[in-house]
Amino acid sequence: MEVGISSTIALAALLHDVGKFAQYAVSLPEGYRERNADLYQPFWNNRYYTHSHALFTAYFLESMKNFIPEGFWNPNASTVRGVAPDSLINLAAMHHKPETPAQWVIAEADRLSSGSDRDEFTEGKAIPVSDAIKTKLIPVFEMLFSSADASRDDFSWRYQIKPIDATTIFPQKDSSEGSDEDYRKLYADFSKAFTELAHKNKPLLWLQHLDSLYRTFTSHVPAARVGNVVHDVSLYDHSRTTAALAVALYRYHEETDTLREDAVKDRNPRKFLIVSGDFYGIQSFIFSVGGEQRGRRSKLLRGRSFSVSLLTELAAHEIAKSLKLSPLSVVMSAGGKFHLIAHNTAESRKKIEKVAQKLNDWLLDVTFGESALGITYTGFSPADLLNGRFESFWKRHIEAMEEKKFRRFDLSKHGGVFKDFLDRFRNDLYRPLCPFCGKRPSEEKVENDRAIARPNERASACGICRDHIFVGTKIVKKHRVAVIDSQQGDLVAPLFGKYQLKFVDPGSTSIDLKGLNVEKFWDVNIYDNGTVPTDVTFMPVNGYVPVYEAYDEHDERILAGARSEEAKLELIDMIREGDPKSFAHIASRALSFGDDGKLYGIDALGVLKADVDNLGAIFSCGFRGKRFTMSRMATLSRVLNNFFALYLPYALRNEEKGAFCDVYTVFAGGDDLFLIGPWNKIRDLAIFIVGKFRTYVCENRMVYISAGITLHKPSTPMDVIAEETEEALGMAKASGRNRVTMFGHSVSWDAFSCLVDEVRENLKKWLSEDVLSRSAFHRILKLVEMAEIEECAISRGKGVCITDIECVKWRAFLGYQVARNAAKKIRDKKDAQRVQTQIAGQLAKWINDYRGAMIIPFWSVLYDTRKKRDF
Amino acid sequence: MASLWKELWKDEKTNLVNPEAFSKIAEEWAKKISGEDQNQRKNKTSQLRKFYDEIFKLNQRARAQESNWDEILPYVHLVIAKAAYAKGRGLVTDSFVNELKEMLSNVKTREHLHAVTTFLEAFMAFYKQYRPRD
C-alpha cells in the first residue's frame, strides 16, 4: 500500500510535539544537542536556544526509525514541491523553525491549533519554565461553565500522568505535582508499545494504530505547561487537531497550486471545511422487529448496534478517502456522529456530495428510508479558529446540521414507492419476509444459514439481518475485526456495498491479510483488567455482553416458572459456552435462593436508557469566547465517550464484585447508554453509574444524567421495550432532568438512592421480620396513591377541593393501618405500640417526602420477595 | 388549638379544605382526646365510633342523589344532643363534646358535612394508633 503525502503530513503533525513528552524521560546522546540544536530550535535574542522539545521530537523519530513503516520516509508524492524525500523528521521537528512550504503547513497548523486553545488565567501565579514538569492536566469537565476570571487555584481536579485505562480516566482531587518518574514510566511504556505496533507492512493501518496508541499515552499529558496558560488541553488533542488541520491545509494549497510560504501563512481565505455526519434513525435501525427472533435477539441487537458504529466510522472514512485526506482528519466520532476537517475547494465539495449520495443510496436501499446519513459542511478560514471567533462559526455549523435533519432525502430522487419491492420476494423460501426485521425480503443465499438456523432447522432471513446476527455472535467471541475493501469476507451483504469484515481471535494480528485491502483493524474491547489494547487500533464499540459459562448449565434459575418441558429444553439447548446469553437467561438472574432453598423474585428484564442532559447546551455554552476551541470540543466529545464506551464495559464486568456481570449493552457510547439486565441489578446499576459519573465530571453540577428504567418480560418485543424506555426517559427529562424514572415515577437521583437503599432496606427488614405483611404493603400502596393525588392537588396552589377530599386522609389511614397490622407478633403491648409508632412515623415521613415514588421501594421489595412457583 | 371548624377550611366559601386539618390537626386532636381520662374509661373507641358512624350515615344520605338536605340537617344537630347525653353518662369528655358541637353546629351545607365526616374519619384512624387496644 502506498503512502500518500497526506498521511506523511498527518504522521509528522501528530508527532510534532512528541518531544514534550520525551524531554523529561530520555537523555540525548552525547553531541546530539550540539549537532542539531541549530537545525530545529529557534535562537532567542542571540542568547540561547528555545523550544528544546523540537530537538527531542527529532531524536525520537530518529531512534524509532526502524519501527516506522518505510513508506513514510519515502512518500510517493515526494516530488511535490517543498517536500524532500527524507523529510519526515524535518516535517515534524522544524515546526518552530520552518523552512519549506510543507514545514510551514505543519508550523501553521500547530499555531492555529495551539493559538486557538491558548487561553490564559488572568489571576494567580504563572508557572515558571522550570516547573513545567509539575503541571498536570485540568479536566475539561472542571473547566465547563467556569468563570473567565477564575485562577488556577480555583481548579482542584487533575488527571494522573498515566496512560488511559478504565481507572485512570477518572480525575482526582489532587494537589500532587507531576514528576520525572511519571514521565519516565509513561515514556518507557509508550516507546515499547511503539515498537510493537502491528501491521508495519500496511502503513495506513499502522498510522491508525499509532494514533490510538498516542491517544492512550498522551491524553493526560498537558499540551502547554508554563506561564499563565490554561492547561486543560491534552497533548493528544492538540496533536490530533494539528494533524487534521495540517492535512487539510496541505491539500488546499496543493489543489489550488499555492503551496508557498506566504500563501500558507495567509489566514484570511476560507481554506477549511468542517464536514459532519449524523446517522439518523439509529433507534429504528437497532430496534426494528419482525416478530420471530427467539433466542437470537441479543445477538441481533449486538450486531445492529455494532453496525451503527461501523457504518458511521466507514462513512467518515469514505469521505476522507475520497478527498485524499488522512484517517487522522476525522477529529470527532462518537454516538452516530462524526466531524472531519477537509480542504475547502470546489472539487472537494463536489466529492463530498457525491460520496454522501452514494452512502445514502445504499442506506435507503436497505432501510427503506428509516435510516439516513446527514452530511453537512461549512467553510471556515484559519482566522476563524483564533481570538474567540470559533464559537460563532461552530454554532452556525450546528444550526446547518439541525436543518439538514429535516431534509434527509432528496425527495425528487427518492420520493414515491420503492420500485420492484414486491418482485423481490421469493415465495418458495421458508419465510418469504425476513422474520428478523419484518421489512426486507428473505434471500435464497442465506436460507438455513448456520448463523440463523440450528442443525435440522429451517430458517429464513434477509442478508442484512443474517449479517447482524453473525456479527453479533462473532464480535463477542473474537474481539478483533478487520474491515476490508474487498468482495471476500464474512458478510453476505457488504457494508455500503463494498466493505467486508473478517473476525480475528482476541489478541491476534496474524490473520492472513495478504493481498487484501485492509482499511481498519480494530480491537473492540477493553481488556478484563481495564487496560486498553495498544498493538492495534482500540475502538471501544462492543460494550460488555454477558456470555454463557460452564456453570450456567447447572444454574437452575432458568428452569423456574411455569414453562413447558419443551420450552425448558430449548432454553437449556441455548447454553453454549462463549455465546451471548439470551434475554430469558439474563432475566432469570434476577431470582435468588432463599434460606429455605426456594427461589424468590420475578424473572423480569430491567431496561435502562440514560443520557447526558442538555448536551447541546454543554457543547455550545460550556466554553465561552477564547476557550471555545476545536480541541476542547474534541476533548469533551472523547472524554464523554470514554465514560460510556471504555469505563462502562469494565464496570459491568468488574465493579461491585461482579454484581452487574449479567447486564447486556445494547449500546453505550457518545453521551448515552441502553442496557438490559436482571431488573433488580439494573436498578442498582443506575445508582452506581450516576455516582461514578459525578466523580468523572469533577462534580460539576451543570453536567448530569437522566435515566428511564422499565421492567419487561423477556419475551416482550424489542420495539415495545425501546418505546417504553424512551417514554420513561422522556418523563425524567420532562419533570426537570437530572432524574430517573422507575415504575412510572420520576425522582431526583438523591431521592432514588435513598428510596432504593435506605427505604427499601427498611421495608425488606420489616417484611422479613414479619413486622409488616405483604398485604399491609399493598394497603399502604393505596395510601401512597392518595398521597400522590394530594400533592397534585396542593401543587395546583389552590388547596384541596372538597371533591378531592379523600386523598387528604392518607396520613390518618396510615396510622390506622400500622396500628391494626404492624407488629402483631410482638406480645408485649408497650413494645408493640412503640414499634408501631416508630413505623408509622417513619412511613409517614417517607410518603410525605417522596409521595408516589414510594412505589419504587415497595414494588422492589414485593417483587424481590415473591415466591417463585416450584420448578 | 384554634377552633377545629376554622382549621378545616382554607376557603370555606369556595369549599377548599386545609389538608393539614386531616393529618396534623386530626392527629393532635386524637392524641389529646385519647389521653384525657387516665383510667381510659371515657372516650373509648366504641363510644366515639358511635358518633362517627351516625355522622357517616348522614353524610352517605346527603351524598345520595335526590336526597332532601332540609330533612337531613336536623339529624346532624341531633348528634350534638346525643353527645351531651353521653357526656352526662360519663362516657365521653367535655372537650370532645365541645369540639364536636362546635363543628356540627357550623354545618350548613352538604359540603360542610362531607368535610366534617372526612375529618372525623381521619381522627378515628389516628385514634386507633393512640388507643389501639380499646
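Naming: A, B, ... by sequence-line order, numbering from 1 per chain. Nothing here was measured: the structure is a model prediction, and the numbers come from that model.
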Got a second to check how far [X]'s [atom1] is from [Y]'s [atom2], nearest 0.5 Å?
| X | Y | atom1 | atom2 | value |
| --- | --- | --- | --- | --- |
| B:Thr118 | A:Glu806 | OG1 | CD | 6.0 Å |
| B:Thr109 | A:Ile802 | OG1 | CD1 | 7.5 Å |
| A:Gln833 | B:Tyr130 | CD | OH | 9.5 Å |
| A:Phe813 | B:Phe126 | CZ | CZ | 10.0 Å |

* **Proximity breakdown for A:Ala832 and chain B, heavy-atom pairs closer than 4.5 Å** =>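 Interface part for A:Ala832: side chain.
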Taking everything shown except [X] itself, do over 12 heavy atoms lie less than 6.0 Å from its [atom1]?
| X | atom1 | result |
| --- | --- | --- |
| A:Arg820 | CZ | no |
| A:Glu723 | CD | no |
| B:Phe56 | CZ | no |

* To do: Let me know if B:Phe119 has heavy atoms under 4.5 Å from chain A in its side chain, its backbone, both or neither.
  =>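 Contact with chain A is absent: no heavy atom of B:Phe119 under 4.5 Å.
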* Side chain from CB out, backbone as N, CA, C, O: work out which of these in B:Ala26 comes under 4.5 Å of a heavy atom of chain A, or both, or neither. =>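 Neither part; nothing is under 4.5 Å.
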* **side chain to side chain contact (heavy atoms under 4.5 Å, CB included) assessment of A:Val800 paired with B:Leu16** => CA-CA 5 Å; A:Val800 177; B:Leu16 285 177; over 6 Å; no
* Looking at side-chain heavy atoms only, is the closest gap between B:Ser23 and A:Val808 below 4.5 Å? ->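 They are not in contact (no side-chain heavy atoms under 4.5 Å apart), so the answer is no.
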* Carboxylate-amine/guanidinium contact B:Glu27 A:Arg811, below 4.0 Å ->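 Looking at B:Glu27 and A:Arg811, the cut-off is not met.
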* **Option that, when pairs with chain A are counted at under 4.5 Å, heavy atom only, ranks first among B:Glu111, B:His114, B:Glu121** =>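 Of B:Glu111, B:His114, B:Glu121, B:Glu121 has the most heavy-atom pairs under 4.5 Å with chain A.
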* To do: Provide the closest heavy-atom pair for B:Ala125 versus A:Ala812 in the form atom of the first, atom of the second, distance.
  =>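 Taking every non-hydrogen atom into account, CB-O, 3.0 Å.
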* Stepwise, does the side chain to side chain contact (heavy atoms under 4.5 Å, CB included) test hold for B:Gln129 with A:Gln836? -> CA-CA 8 Å; B:Gln129 202 178 319; A:Gln836 287 166 353; 6.0 Å; no
